[in-house]
Amino acid sequence: MSEISKTYEPQAIEEKWYADWLAKDCFTADPASNKEAYSIAIPPPNVTGVLTLGHVLNNTIQDILARRARMLGKEVLWLPGTDHAGIATQNVVEKSLRKAGEMKHRDDLGREKLVEKIWQWKDEYGGKILKQLRALGASCDWSRTRFTMDPEYSACVQRVFVDLYKKGMIYRGKRMVNWCPVALTALSDEEVIMKPTNGLLYYFKVEVADVPNTFLTIATTRPETIPGDTAIAVNPNDVRYAHLIGKFAKRPLPLENQALIPIVAEESIDIAFGTGVLKVTPAHDKADFEIGQRHQLETIEVIDPRGVMNELAGADLAGLERFEARKISVELLSKLGLLEKQEPYQNNVGYSERADVPIEPRLSEQWFLKYPSVKESLAVVADGAMKFYPERWAKVYDHWLGGIQDWCISRQLWWGHRIPVWSGLMHMNGSDLCKILSGAIMTGRLSGIPAHVIDETVISINDRRFNYTATELKEHCLASPDSHHQIVVCTTNEDFGNIFYTIGLDRDPDVLDTWFSSWLWPFATMGWPDKTATLAKFYPTTDLVTGPDIIFFWVARMIMAGFEWMGEMPFRNVYFTGIIRDKQGRKMSKSLGNSPDPLDIIAKFGADALRFGVMRSAPLGSDVMFDEKNVELGRNFCTKLWNAARFRQMYEGDTEGEINPSLLTSDDRWILLKLDSAIREISAALDEYRFSDAAQALYRFFWSEYCDWYLEASKAALGRVPLPTEAPMSPEEAAAAYPLRANTLAVIDFILAHTLRLMHPFMPFITEELWQSLGFREELPPDQGGETIMFARWPQPFDADFIAHYDLTPLENAAAVAKYDTVLAGRNLRSTYNIPSNKRVRFVLQPNETLAAHDAEVLKILLNAESLDIVSNYVAPQGTPTNLTPLGHLFLPLEGLIDVAAERERLGKEITKVTDELAKVRTKLANPGFADKVPAAVLDEHRQREVTWQEKLAQLEKMQAALG
RNA sequence: GCGCGGUUAGCUCAGUGGUAGAGCACUACACUGACACUGUAGGGGUCGACAGUUCAAACCUGUCACCGCGCACCA
């Protein structure tokens with residue numbers, strides 16, 4: 001036991017204990033342990049990221065889960081790491097390079113140099129966020145920190161690509177994709193955000209050829225794409241236009257090429273929308289592309305990848321940015337006299353998630369993936385083998401998974417896992433071939449390989465199981481001369497497996513979508529594809545804690561990957577956090593400046609305060625309104641705990657040992673029973689991921705029950721400690737003066753030792769500090785709290801033996817409750833009569849039954865009474881304020897200060913209240929059918945209630961009459 | 001358009017049929033020996049609206065309104 005300082009200074013103890021935990025290797029997971037496994041793979045933050053309140057929420061939850069699992073005796077792996085986050089990271093580094101004047105455009109550096117720069121940047125600044133997590137107290141196994149572009153991890157990504165390719169699930173194709181004109185890359189459907197956008201709907205007419213004076217009016221939001229129109233579509237059931245199907249109309253733009261385009265029949269046209277006539281631009285609209293396919297329409301691309309009009313858009317538009325071109329094309333239509341009108345119109349436009357500009361649907365050659373293991377992934381959630389918290393996300397998951405389209409996995413970026421596909425003609429000798437081919441996918445035609453080389457070379461195709469000689473390979477290729485034919489080639493040499501070389505052939509320039517690597521996170525971080533001890537012990541992971549915003553991006557895909565390569569779900573439970581908002585309910589954002597730096601908050605209030613404050617206000621399933629007030633509350637709670645520990649330390653002696661049942665007071669029994677309830681409540685809440693409920697229960701138990709009632713009551717048993725100016729008492733003297741003191745200290749120690757454990761997952765630092773300084777570790781085995789509270793056993797509800805031994809019956813509980821109710825009644829009197837709370841006054845109790853001396857002393861202390869006289873035949877002066885309490889009549893004699901009018905008013909108020917309640921319960925009882933239909937217990941309870949109110953009313957009326 | 005949440009005290013939220021709750025904020029009193037980052041007491045709600053079921057509805061059912069989110073989408 002060491003002395004607890006007067007004030008709680010979180011900064012010093014936080015650093016000290018984190019270092020201590022590291023030194024003691026507390027976070028390192030041992031796969032050889034025979035303890036039950038508990039594991040979490042951290043949602044890897046962006047390697048360029050810095051800690052936000054979102055991370056605080058997410059990682060505090062994970063830390064609570066991990067720390068509690070350790071205390072429950074489990075072997076815990078919380079695996080940390082970072083994500084390379086392709087687009088985001090490349091953007092960040094490019095921006096900093098431009099700022100530093102090192103380049104204007106990425107092409108100035110070139111691919112190799114830029115990627116090198118990003119690596120340098122990553123080495124220098126990356127992973128900062130992991131260091132920040134330490135300030136929060138995160139108990140991650142840092143020895144296993146992973147990065148999604150670690151060589152081993154990259155090998156996993158490549159292996160998975162090859163595997164899917166071989167299964168026929170990855171293919172290359174020229175398709176309509178979501179193109180980001182800023183990032184200059186294709187995006188997946190999930191990276192497109194639909195936003196209601198205010199624009200204009202333009203109505204213009206086109207002339208139908210060969211039908212004199214016939215025009216069709218078309219409504220469009222994108223007139224700039226008119227030069228790319230290759231048809232006009234109408235619904236064949238539309239009587240207005242059916243006769244025109246098969247004829248041609250004159251496309252107004254570009255002016256120099258007003259081509260005739262066919263009028264085609266399309267059932268999908270909504271007759272009621274606009275004019276019922278649709279312009280078809282197969283090159284720049286997904287739906288139009290499909291129409292184009294059905295009618296074999298020409299595809300004319302008029303917008304380039306940057307979103308700038310090209311020559312095919314015509315001289316008037318070429319070189320203009322797409323929105324500028326929209327204005328000009330409207331002017332052109334107007335000049336031609338073809339523009340009928342334009343009206344304000346709101347429609348949903350797809351925006352690039354990253355760049356926040358409208359997506360340009362664009363035809364391009366990309367790699368696509370047919371999602372694997374969809375059936376298993378649906379089933380595992382549907383049948384409850386994997387649980388979502390809150391459960392409602394299961395429906396969202398189900399819905400998405402039920403309607404997914406192939407995933408566009410290629411990105412036109414430089415930072416990321418490069419697609420392991422080489423293509424071209426091969427001209428090289430056998431040994432180079434062997435090197436080049438390992439783990440790669442070859443596309444293109446194999447030819448020109450000198451025969452003598454081939455014959456000497458053994459190449460395997462379709463994994464290592466099938467070894468073909470090069471001759472066979474040649475035959476295989478010649479049998480499929482299609483230039484798009486694709487084969488998979490691996491080396492037979494195990495050493496070359498999945499290591500790739502880039503010499504000789506043209507490698508696909510694209511990289512893979514970041515999520516194509518993140519979806520392997522739960523097992524690729526554990527050494528897959530090797531059958532490691534870590535995987536065997538810790539896969540599947542137990543819990544995943546993440547935001548619902550990445551349920552499709554990450555969660556669903558991880559589940560599919562888990563089934564596809566591990567044959568099993570990647571985690572058993574998924575906890576979806578809410579989104580952190582400011583107190584006005586707005587999302588945290590840099591531009592709003594409403595996003596405080598968690599490290600500043602930690603510096604100001606301490607990590608434990610931040611953790612507790614956030615968790616207390618983060619109910620399962622709803623967003624978190626962040627308010628610094630909550631952190632203040634957490635800080636206050638820490639201070640309260642600190643001071644309660646100091647109070648314990650005022651009294652001499654270490655832990656007092658076993659509690660003696662024969663010396664227990666009703667207060668002792670009451671707080672022990674409250675502790676038992678708290679243990680049950682907190683454990684149940686944590687089992688169900690109701691963190692805020694657990695935090696509130698902790699707060700209530702410790703503050704409202706332990707400090708406000710028990711500690712105050714315990715002062716009766718503990719007595720006072722001599723002031724420094726007074727002569728100190730010897731232990732013998734103290735024991736004689738306060739015979740209950742030692743036992744009360746034992747109860748206090750019992751409560752504190754349990755409370756610190758219950759608090760530890762939420763507030764690791766302060767609980768460790770107090771665990772140590774109060775000496776609770778001293779008699780415990782090293783692995784059960786003797787070294788650190790981290791491994792102290794999680795409190796269990798009291799068992800039958802314990803309850804019997806200490807006679808913890810609800811009856812005993814009632815005795816304390818009666819006492820406290822009496823105190824409340826007395827304090828109420830005191831405040832009603834404006835007695836200053838520091839003024840010691842005399843109370844008189846006319847008791848129902850004999851009151852034990854100790855209980856009388858407790859009452860006296862809690863009432864801050866000068867004296868509490870127990871007088872069974874007390875005759876109060878007329879008008880003496882009194883309250884009916886469970887222990888009898890409590891009087892507050894005011895000796896000449898009696899304010900009869902005030903007392904009458906107070907009683908009047910009371911009587912009104914009681915009369916109301918009595919009327920309520922009588923109405924219910926008088927209700928015909930109530931007595932017949934209601935369960936007996938409820939009926940009894942109501943009758944009892946009626947009697948109680950009635951008695952109370954009679955008493956009050958008597959008291960009022962006594963006032964005269 | 002389809003689906004999912006939500007609507008309870010000034011604020012943030014508990015409360016799955018039987019006497020409406022917590023924290024914060026507010027008011028009053030008190031710097032008493034663990035704690036003013038405190039203690040004590042108090043005020044404050046026709047539980048979004050309407051209808052139904054029931055002896056009894058914040059709670060169950062239906063309809064509607066408003067807020068938030070997801071999916072789809074008509075140019």
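Treat the numbers as computed from the prediction; the structure is a model and nothing was measured. A note on names: the letters A, B, ... follow the listed sequences, proteins ahead of strands, and every chain is numbered from 1.
Using atom C1' as the reference point in both A34(B) and U19(B), the two lie 38 Å apart (nearest Å). Remark: the separation of the P atoms in G48(B) and C13(B) is 15 Å, to the nearest Å. Only the P atoms considered, G23(B) is 38 Å distant from A65(B), to the nearest whole Å.
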Item checked: Heavy-atom protein contacts under 4.0 Å, nucleotides 7-20 of chain B, coded B base, S sugar-phosphate only, - none -> -----SS----BBS
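The side chain of Y345(A) contributes an N or O atom lying less than 4.0 Å from OP1 or OP2 of A75(B). OP1 or OP2 of C35(B) lies within a sub-4.0 Å distance of a side-chain N or O belonging to K6(A). When the side-chain nitrogen and oxygen atoms of N347(A) are compared with OP1 and OP2 of A75(B), one or more of them lie within a distance under 4.0 Å.
Not a single donor-acceptor pair under 3.5 Å links the side chain of E360(A) to the backbone N or O of R322(A). A donor-acceptor pair under 3.5 Å is absent between the side-chain atoms of H942(A) and the main chain of K924(A), judged by distance alone.
A donor and an acceptor atom never sit less than 3.5 Å apart when one is taken from the side chain of R392(A) and the other from the base of C4(B).
Taking the six-membered ring for Trp, W703(A) and Y699(A) have ring centres closer than 6.0 Å.
Under the rule for a side-chain contact (heavy atoms from CB on, under 4.5 Å), the partners of V934(A) that lie at least two apart in sequence or sit in another chain are F930(A), V938(A), L939(A).
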Which atom pairs link the protein and nucleotides 38-47 of chain B when you take only N or O atoms and keep those under 3.5 Å?
unit_1	atom_1	unit_2	atom_2	d
U38(B)	OP1	N636(A)	ND2	3.1
U38(B)	O3'	K640(A)	NZ	3.3
G39(B)	OP1	K640(A)	NZ	3.0
G39(B)	OP1	W703(A)	NE1	2.3
G39(B)	N2	S837(A)	OG	3.1
U40(B)	O3'	R827(A)	NH1	3.4
A41(B)	OP1	R827(A)	NH1	3.4
A41(B)	O2'	S831(A)	OG	2.4
G42(B)	OP1	N828(A)	ND2	3.1

Report all interatomic pairs (protein N or O, nucleotide N or O of nucleotides 65-67 of chain B) with separations under 3.5 Å.
none

Atom pairs under 3.5 Å, N or O on each side, protein against nucleotides 70-73 of chain B: can you list them with distances?
unit_1	atom_1	unit_2	atom_2	d
A72(B)	N6	N348(A)	ND2	3.2
C73(B)	N3	N348(A)	ND2	2.9
C73(B)	N4	N348(A)	ND2	2.5

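A 3.5 Å limit on both hydrogen-bonding distances identifies G18(B) as the Watson-Crick or G-U partner of C55(B). When Watson-Crick and G-U wobble pairs are counted only if both distances are under 3.5 Å, U7(B) pairs with A65(B).
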Indicate every side-chain donor-acceptor pair of residues 285-292 of chain A with a distance under 3.5 Å to a residue at least two apart or in another chain.
unit_1	atom_1	unit_2	atom_2	d
D285(A)	OD1	A287(A)	N	2.9
D285(A)	OD1	D288(A)	N	3.0
D288(A)	OD2	T281(A)	N	2.7

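In this structure, F647(A) places its CZ atom 6 Å from P of A34(B), rounding to the nearest Å.
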